[in-house]
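Order of the sequence lines fixes the chain letters, A, B, ..., with proteins taken first and strands second; residue numbering starts at 1 for each chain. Computed over heavy atoms, backbone and side chain alike; hydrogens, waters and symmetry mates excluded. All of these numbers come straight from a predicted model, not from anything done at the bench.
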Amino acid sequence: MATYLIGTYIACEAPVHAIKVLERLVPSQPTVYWWNVLIRHAVRLRFLEDVLVLYRKMQRFGWKPDHYTFPFVFKACGDLPSFRRGASVHAAVCANGFESNVFVCNAMVAMYGRCGMLDDARQVFDELCVRGIGDVVSWNSIVAAYVQGGNKKNALKMFTRMVDDHRICPDVVSIVNILPVCASLSAWLQGKEIHGFAVRNGLVEDVFVGNAVVDMYAKCGMMDEANKVFERMMVKDVVSWNAMVTGYSQIGRFEDALALFEKMREEKIELNVVTWSAVIAGYAQRDHGYEALDVFRQMQVCGSEPNVVTLVSLLSGCASVGTLLHGKETHSYAIKRILDVDGNDPGDDLMIINGLIDMYAKCKSVKVAQMMFDSIATKEKNVVTWTVMIGGYAQHGEANDALELFSKMLGQEIFIKPNAFTIACALMACSRLAALRLGKQIHCYVLRNQYESMVVFVANCLIDMYSKSGDVDAAQVVFDNMKQRNAVSWTSLMTGYGMHGCGEDALRVFDEMRRAGWMPDGVTFVVVLYACSHTGMVEQGMKYFNSMSDEYGVVPGVEHYACMVDLLGRAGRLDEALKLIEGMPMEPTPIVWVALLSACRLHPNIELGEHAANRLLELESENDGSYTLLSNIYANARRWKDVARIRSLMRHTRIKKRPGCSWVEGKKGTAAFFVGDRSHPLSQEIYKILGDLILRIKAMGYVPETSFALHDVDDEEKGDLLFEHSEKLALAYGILTSPAGAPIRITKNLRVCGDCHTAICYISTIIDHEIILRDSSRFHHIKKGSCSCKGYW
DNA sequence: ATAGGGTTAG
């Protein structure tokens with residue numbers, strides 16, 4: 001009767017009741033058999049803590065665990081976090097004399113493997129071998145242990161040893177264990193051998209084996225091989241399809257992946273969460289966030305339950321298109337489904353939080369991102385947490401904050417090693433600030449830690465950093481030393497030459513890129529046209545613009561038209577620029593009108609300037625730069641009433657001019673100056689040096705260009721005096737703190753002021769420094785009175 | 001025992 005009751009309770013998956021019955025019968029009736037049955041079912045139902053409770057209880061009631069009990073207990077120990085328990089059960093095995101039982105020992109190897117205790121696993125395994133009782137399951141267990149411990153090389157070594165040295169024939173499990181190892185090591189040759197073995201022994205019929213083979217080829221990028229196996233599989237399941245879909249997606253054949261996805265739907269194969277997540281991730285990785293969101297909607301309609309992977313992919317999609325609204329929706333969904341759910345994997349929570357930080361930063365809510373970042377305890381953060389926040393600051397916040405956070409990361413007590421992504425983000429921040437010294441330090445760090453040789457994009461970031469920090473020669477050296485390059489490498493180098501007024505070099509790099517077999521894309525042409533316009537190569541630029549569609553199949557976008565307006569405008573060909581705009585096949589965006597407006601400032605033309613400014617303000621009424629430009633145009637023509645009108649308009653609409661800010665890398669860190677800044681400790685000396693210099697260059701014939709004095713329309717008190725402009729202050733500080741002969745590197749957030757440019761050229765004749773000035777548009781290398789921009793700025 | 005995920009550059 002009692003055993004009948006126990007059996008019923010187990011069948012109803014109610015082991016708690018079964019245990020109660022069992023306890024009441026103790027110690028008279030039940031046998032070890034019933035304890036074992038109970039334990040087995042508790043394992044099956046994943047009541048892992050209960051397994052250990054039962055294991056202890058049976059001993060308290062005087063029953064000895066046997067060769068049947070131990071494997072289940074080890075199974076539970078392996079899946080529970082505390083590894084101590086496993087070791088104590090190991091001791092019990094020895095105490096009860098089961099250390100020569102192959103079943104028990106195999107389970108022990110597996111348990112130690114799951115707990116990450118590889119040495120213990122290996123020791124038990126070796127003892128099995130010494131006793132000569134190791135079987136294929138033992139070998140599978142030790143291989144699996146190495147796989148789980150991330151030691152893939154050893155896993156493969158053990159597998160080879162089992163086959164070659166011990167002549168043990170792999171079974172289905174062995175193959176399914178080892179093929180993913182081949183896949184992740186890209187060891188397709190060994191994978192192919194194992195595939196052959198599986199074919200000869202009829203194991204490919206097994207759907208698990210077939211899937212593992214397909215996946216191995218797919219992960220090695222051999223989609224044709226994968227497809228052949230896939231086509232021949234008699235039995236396919238959703239895993240087989242998923243392996244193909246992700247395979248295509250990962251080698252960049254997303255179209256094929258989507259086609260298979262469609263086919264799955266046509267053939268009514270039940271899509272699971274993996275399928276949906278893979279498609280969502282595929283779209284997200286290609287910056288197609290809205291498509292990702294749409295697939296997510298379809299997934300919900302189909303009733304498939306999203307999980308962590310789905311949501312993380314979806315967040316990445318929201319981030320890629322910067323859609324805060326959908327990002328917030330996903331956030332609340334994640335709270336309901338993951339973050340507020342008890343007892344889930346803390347690693348999952350972190351993945352979601354990392355995705356959220358990234359999403360908020362990319363949706364320009366850097367403050368929210370920062371709050372989330374700060375809300376995680378330091379010891380919970382991983383390298384991605386740091387990286388997304390550093391990248392968020394670098395791209396959407398203050399680049400300074402990015403660098404501060406990067407150095408904070410390096411100084412953490414529990415050191416988290418930056419990875420290539422982290423380095424890339426830090427270098428981006430350096431690029432924005434032209435922080436050459438820090439950039440060089442990071443370059444050294446990269447060399448010491450062998451990042452560069454591994455990752456093309458780290459080297460590309462270095463090229464970008466050197467290019468934008470005023471050292472094109474260093475950029476060229478990095479480029480020359482690269483073992484592998486891609487289109488971005490070439491384009492980054494071209495940007496460097498273009499910004500430094502070396503248009504011919506930029507075009508030479510373009511030709512070399514073509515000869516090396518790389519196809520230029522839209523971005524490449526922006527860089528080519530930019531280089532032409534900043535060197536005054538109008539005809540060259542027109543030639544490239546006219547050929548890009550026919551010769552290279554790149555249809556000019558609005559950004560290319562803006563480059564052309566800039567090119568013609570800088571050369572003073574304003575009417576042609578206007579004609580080009582009027583003939584554009586698409587609506588001009590603000591960047592086009594800004595280019596025309598700037599040209600009207602450079603080559604004074606009030607009517608056209610007003611036209612451009614009006615169009616611009618229709619599109620973007622909050623652009624402070626356009627007000628400033630127009631006001632400068634009026635000032636240049638001495639139309640003070642119009643200047644005053646613009647000023648009052650700005651005051652009325654509460655549009656503030658972004659303050660000009662310049663910074664310079666001094667011996668002791670970087671010093672930043674705003675217009676009329678007197679906050680620096682050396683302020684007095686700076687103003688004195690500047691006053692002296694101005695007097696001296698005036699004697700040489702320098703005449704202040706007063707039209708630039710009205711640059712700072714919103715703050716008459718501070719900014720009206722030309723010599724208080726931030727770039728002049730930065731120069732004075734540079735002179736004050738640099739050793740004789742050393743170049744002074746100044747960076748300005750806006751365009752350099754025309755009067756400052758003239759003044760600095762004069763000053764360069766009477767000081768012993770080359771001046772390298774980067775503004776928001778390009779570099780000016782100023783030396784002994786002449787500037788590399790040759791007027792094209 | 002097999003399949004899916006976050007951070008990067010011109």
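With distances taken from any side-chain atom of M428(A) to the nucleotides dA9(B), dG10(B), dT2(B), the minimum falls on dA9(B). Of all nucleotides listed (dG4(B), dG6(B), dA1(B)), dG6(B) comes nearest to the side chain of N382(A). When distances run from any side-chain atom of P180(A) to the nucleotides dG5(B), dA9(B), dA3(B), the shortest one goes to dA3(B). Ranking dG5(B), dT2(B), dA9(B) by closeness to the V312(A) side chain, first place goes to dG5(B). The side chain of T246(A) lies closest to dA3(B) when the candidates are dA3(B), dG6(B), dG10(B). In the set dA1(B), dG5(B), dA3(B), dG5(B) carries the atom at the smallest distance from any side-chain atom of S313(A). Listed nucleotides dA1(B), dG5(B), dG10(B) differ in distance to V173(A); the shortest reach to its side chain belongs to dA1(B).
In this structure, V273(A) reaches the bases: a heavy-atom distance under 4.0 Å links it to at least one base atom across the strands shown. Among the protein residues, A243(A) comes within range of no part of the nucleic acid, since none of its heavy atoms lies under 4.0 Å from any strand. Across all strands, M494(A) comes closer than 4.0 Å to no nucleic acid atom at all (heavy-atom distances). N140(A) comes within contact range of no nucleotide atom at all, as no heavy-atom separation falls under 4.0 Å. T387(A) comes within contact range of at least one nucleobase, with a heavy-atom separation under 4.0 Å. Among the protein residues, D171(A) comes within range of no part of the nucleic acid, since none of its heavy atoms lies under 4.0 Å from any strand. Residue contacts for V279(A): at a heavy-atom cut-off of 4.0 Å it reaches no nucleic acid atom on any strand shown. In this structure, V388(A) reaches the sugar-phosphate backbone alone: every heavy-atom distance under 4.0 Å involves primed, P, OP1 or OP2 atoms, never a base. Within 4.0 Å of V308(A), counting heavy atoms only, lies at least one base atom of the nucleic acid. Within the 4.0 angstrom heavy-atom criterion, no nucleotide atom of any strand lies near D237(A). Among the heavy atoms of the strands, none lies under 4.0 Å from Q148(A). Contact annotation for S431(A): no contact, since no heavy-atom pair falls under 4.0 Å across all strands. Residue K219(A) is in sugar-phosphate contact alone, with no base atom involved, counting any heavy-atom pair closer than 4.0 Å across all strands shown.
When ring centroids are compared, W386(A) and F373(A) come within the 6.0 Å threshold.
OP1 or OP2 of dT7(B) has not a single side-chain nitrogen or oxygen of K381(A) nearer than 4.0 Å. Look at S316(A) and you'll find a side-chain N or O under 4.0 angstrom from OP1 or OP2 of dT7(B).
The closest side-chain donor-acceptor pair between N106(A) and N140(A), if any, does not fall under 3.5 angstrom. Remark: the N272(A) side chain and the T275(A) side chain contain an N/O donor-acceptor pair separated by less than 3.5 Å. A donor and an acceptor atom, one from each side chain of Y393(A) and Q370(A), are located under 3.5 Å apart. Side chains of N354(A) and T385(A): a donor-acceptor N/O pair is present below 3.5 angstrom, by distance only.
A donor and an acceptor atom sit less than 3.5 Å apart, one in the side chain of N272(A) and one in the base of dA3(B). Put simply, the side chain of N486(A) and the base of dG10(B) share no donor and acceptor less than 3.5 Å apart. For dG10(B), its base sits under 3.5 Å from the side chain of T491(A) at one donor and acceptor pair at least.
Computed from coordinates, the M465(A) CE to dA9(B) P distance equals 15 Å when rounded to whole Å. Nucleotide dT2(B) holds its P atom 19 Å from the OH atom of Y217(A), rounded to whole Å. Atom CE in M299(A) sits roughly 14 Å away from atom P in dG5(B) (whole-Å rounding). In this entry the distance linking CG of L260(A) with C1' of dA3(B) reads 14 Å, nearest Å. What separates CD1 of I463(A) from P of dA9(B) is a distance of 15 Å, to the nearest Å. Taking atom CD on Q476(A) and atom P on dG10(B), their separation rounds to 19 Å, with Å as the unit.
Under the 30°/60° scheme for interplanar angles, the aromatic rings of Y544(A) and F525(A) are found to be tilted.
Once the 5.5 Å centre distance and the 30° plane angle are applied, the aromatic ring of F208(A) is found stacked with the base of dA1(B).
In this structure, K152(A) forms no cation-pi arrangement with Y146(A), as its terminal cationic atom is not both closer than 6.0 Å to the ring centre and no more than 45° off the ring axis.
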